[in-house]
Engineer: 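Structure below; questions to follow.
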There are 2 protein chains.
Amino acid sequence: MISRATADIEQVRRFNRTVARRIGVINDRFLGRGRPFGESRALFEIGTDGIEVRELRIRLGLDSGYMSRLLRALEKDGLIKTTATPGDARVRYASLTPKGQKEWNEIDRRSDDVATSILAPLDERRREDLLSAMARIERLLRASSVMIAAEPADSPTAQWCLQQYFDLLNARFDGGYNPANAQPADAHDFTPPKGVFLIARATGEPVGCGALKSAGPGIGEIKRVWVAESARGLGIGQRLLEELEEAALGFGQKCIRLDTNRSLTEAGALYRKNGYREVPAFNDDPYPDHWFEKVLG
Amino acid sequence: MISRATADIEQVRRFNRTVARRIGVINDRFLGRGRPFGESRALFEIGTDGIEVRELRIRLGLDSGYMSRLLRALEKDGLIKTTATPGDARVRYASLTPKGQKEWNEIDRRSDDVATSILAPLDERRREDLLSAMARIERLLRASSVMIAAEPADSPTAQWCLQQYFDLLNARFDGGYNPANAQPADAHDFTPPKGVFLIARATGEPVGCGALKSAGPGIGEIKRVWVAESARGLGIGQRLLEELEEAALGFGQKCIRLDTNRSLTEAGALYRKNGYREVPAFNDDPYPDHWFEKVLG
DNA sequence: ATATTTATCTGACTAAAGTCAGAGAATGAT
DNA sequence: ATCATTCTCTGACTTTAGTCAGATAAATAT
C-alpha cells in the first residue's frame, strides 16, 4: 500500500518534472536571442529602471569577476552603460542604452509569446481553469517559502515591521493609535532568555512578526503579532503563534496571555482557534478590549 | 486599462517566474551532489532498470558523442556499466552498478526532500489545495502541449492509432468490431487533396487521431476520430474536429457528414455540441446507428 | 556478396559558465 | 590619519556543455 504522504510527494515531484520541462525548456533557449543565456538574464534584470551592480550580482547569484565580465560584454555590444552611483562611488549603476532597451523589449515580447503559446491551445474554460490554478500555486508556493526566524528586536527589519504594525493599529482603531500611550515594551523585553522577536520572511522580504516577553514567573505575553496585507491568508499568523508558544515553553513559561482589540478580527479568530480563552482584563492599557489566556502543554 | 488577455499573460509569466525560482533552483543545484548536472541527469534516467543508450540519448536530447563521454565518465567513477543488448549488438545497454544504485537512491531521496520541504510548512488544508492545483496544472499543461499535425495515413504511428481505435470499437460494441465488415477506407482516401489524416501528439506520444475523406463533390466525411484514454477531457477531440473542418473547407468541401454508434457517447456529444444535426442513414454499414451532417461556414 | 544504414565511439574543437587570487579606489570605523 | 572593509575590475585559470567530422562494427536491404 502506498501511504498518503508518499502519494503527495509523488504528486509534487511529478509537478516539478512536468513544469520544469515545459517552462524551463521554452524559457531558457527560446528567450536567448543568440546571446548567451547569462547575458540575456543580466540584461533583463537590469531592466528599464537600471539597477546597482551589487544588487544585480546578488539577484543572479554570480561571482563578482564573472558579473564584471558579463557587463563588459553587454557594454561592448552597446546595450548598457555603467556609471557610479551618486552616493557611493564604489557602487556602479548599470542601465540600458536605447539599443539595450530595444533588446529588452524584444525579450519581454518573447516572454509574452511563451505565455501565449501556453494559453493558445486551450479553450476558454480550460484557460480559466489553468490561470486560477496558477494563481493558487503561486500563492501557496509563496506561503511555503515563508521562513520564520528570531532576530534582535532592535534590528532595522524588526523596527520596520513594528512600524507597519503600529500603522495598522492606527488605521484600524477609532481615534488612531499612539505607541506612547500604550504599555511600553522595548527591545530588551523581547530578548532571550525571557522573550523573543520572530520575523517571517518570504524570499527575503519581511512579511510578518510576532514577539514574546515575560509577564511574571512562568507567564509569557505575546505582543506585536503582525502579518503584511499582501501575505494574509497564507497561515503565517498561525505559524508565528505556534513558534511563539514553542519558544515560551522553552523559556519555562507554562501560561501565555495576550490582549487585543475587537477591530483586529483576524487576530481574535486566530487566538480562539488556538485554544485561548477570554479572561478578565489583566492590564489597564487604553487600547485593548479583549484579554486572552492559554495554559500550554 | 489592462485588457483581459494582458492580465492572463501576466499571470502565466508570474507563475513561470515563481515556479522556476522555487523549483528550478532547488532542483538543479540541490540534486547535483557535486557531480555535473548532465551526469546526474543521465544517472537518474538510467535508473534501477537500466536503459538502452539510444533511448537515453533521445530522452535527454544529447549528441551521441557527448552522450558517450558522459557514460564513460560515469563508468570511470564505477557508477554504471554498459553491455551490448542481446538482440542487437550495436545498441548498448547502460545499467547501474551497486555503487551507482546507492548514488541513485541518494538523488531520489533528495528529490523527495525537495518535495517535502515544499509541503512541510503548509497546514493540511493548504497542502491539499496545493496538491490539487498541481494535479490540475499538470493536466492542463499536458493539454496545452498537444500538437496536431497531418501525417501519411500509412505511417507506423497512424497505423498504431487506427489499431487503438479499432480496439476501442471492439471493446465498446456489442458483438465486437471487425474492420473487414465495415466500409473500407484506405490510406489513399485520407490523403490530400481529397482527405487528410491528423495525429495529436503530447510530448511525442500519439494521443489521438482523426481523418477526413471525400464523400462526393463538395462533401467530406469524417472518420477514425479517436482520443487515448489517458488524454480524455483535455479538449483534444474538439481540436481535432476543428482542424478537420478547417481542412475540409480548404478542400472546398462545404458539407461534412459522419456516422457513429450510440455506445460512443463522448463522440455523439462532441458532434452535437459542434452543430452537427442528425440525418437519415446515408450508408448501410453494419456498425453505425447514428448519422450526422453539418454545413460549414 | 555488397552497399547502406544504424548505433556508438574517438579526437579535435568551441563557447559558456564559473572560480580564484589579487589590485585599486572609495568609504567607514577608530 | 590609519586601518579595515566594500565594491569592482583584471588576468589566469578550470569545468561543463556541446558540436562536428570521421572511424568502426553490427545489422539490414538489394
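Sequence lines set the chain letters: A, B, ... in the order given, protein chains first and strands last, and positions in each chain run from 1. Model, not experiment: these values are computed from the prediction.
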Engineer: List the residues meeting side-chain hydrogen bond (donor to acceptor under 3.5 Å, both in side chains) with B:Arg201, not counting sequence neighbours, and say none if there are none.
Structural biologist: B:Glu151, B:Thr157

Engineer: Could you list by number each residue of residues 68-83 of chain A showing a heavy-atom separation from DNA chain D of less than 4.0 Å, or answer none if no residue does?
Structural biologist: A:Ser68, A:Arg69, A:Arg72

Engineer: So, B:Arg41 and B:Glu45, do they make that salt bridge, N to O below 4.0 Å?
Structural biologist: no

Engineer: Report the distance from atom CZ of B:Arg41 to atom C1' of D:dT16, rounded to the nearest whole Å.
Structural biologist: 13 Å

Engineer: Using atom CG of A:Leu60 as one end and atom C1' of C:dG18 as the other, report the distance to the nearest whole Å.
Structural biologist: 14 Å

Engineer: Got a sec, which residues hit ring-ring contact (aromatic ring centres under 6.0 Å, His included) with B:Phe166, two or more places apart in sequence or on another chain?
Structural biologist: B:Tyr177

Engineer: Between C1' on C:dG18 and CD on A:Glu39, what's the gap in Å once rounded to a whole number?
Structural biologist: 14 Å

Engineer: List the residues meeting side-chain contact (heavy atoms from CB on, under 4.5 Å) with B:Ala187, not counting sequence neighbours, and say none if there are none.
Structural biologist: B:Ala153, B:Asp154

Engineer: Suppose we screen for side-chain hydrogen bond (donor to acceptor under 3.5 Å, both in side chains). Which residues come up paired with B:Asp63, at least two apart in sequence or across chains?
Structural biologist: none

Engineer: Could you pull out all donor-acceptor pairs under 3.5 Å where a side-chain atom in residues 46-55 of chain B meets a protein atom, sequence neighbours excluded?
Structural biologist:
residue : atom : partner : partner atom : Å
B:Glu52 : OE1  : B:Arg54 : NH2          : 2.9
B:Glu55 : OE2  : B:Arg59 : NE           : 3.2

Engineer: Toward the 5' end of DNA chain D, which comes first, A:Tyr66 or A:Val91, by nearest nucleotide?
Structural biologist: A:Val91

Engineer: Between P on D:dT16 and CE on B:Met67, what's the gap in Å once rounded to a whole number?
Structural biologist: 15 Å

Engineer: Could you run down the sub-3.5 Å N/O contacts of the protein with nucleotides 21-30 of chain C?
Structural biologist:
residue : atom : partner : partner atom : Å
C:dT27  : OP1  : A:Ala89 : N            : 3.0

Engineer: Parallel, tilted or perpendicular for A:Phe190 and A:Phe197, by the 30°/60° rule?
Structural biologist: tilted

Engineer: Where the side chain of A:Arg92 is defined as all heavy atoms beyond and including C-beta, which of D:dA17, D:dC9, C:dC9 is the nearest nucleotide?
Structural biologist: D:dC9

Engineer: Separation of A:Arg35 atom CZ from C:dA16 atom C1', in whole Å?
Structural biologist: 14 Å

Engineer: Counting side-chain heavy atoms from CB outward, which of D:dC7, C:dA16, C:dA7 is closest to A:Arg54?
Structural biologist: D:dC7

Engineer: With sequence neighbours left out, what residues match B:Glu39 under salt bridge (Lys or Arg N to Asp or Glu O under 4.0 Å)?
Structural biologist: B:Arg35

Engineer: May I have all residue pairs that pass side-chain hydrogen bond (donor to acceptor under 3.5 Å, both in side chains) and include part of residues 64-74 of chain A, sequence neighbours excluded?
Structural biologist: A:Arg72-A:Glu75

Engineer: Starting from C1' on D:dC7, measure out to CD on A:Glu52 and report it in whole angstrom.
Structural biologist: 11 Å

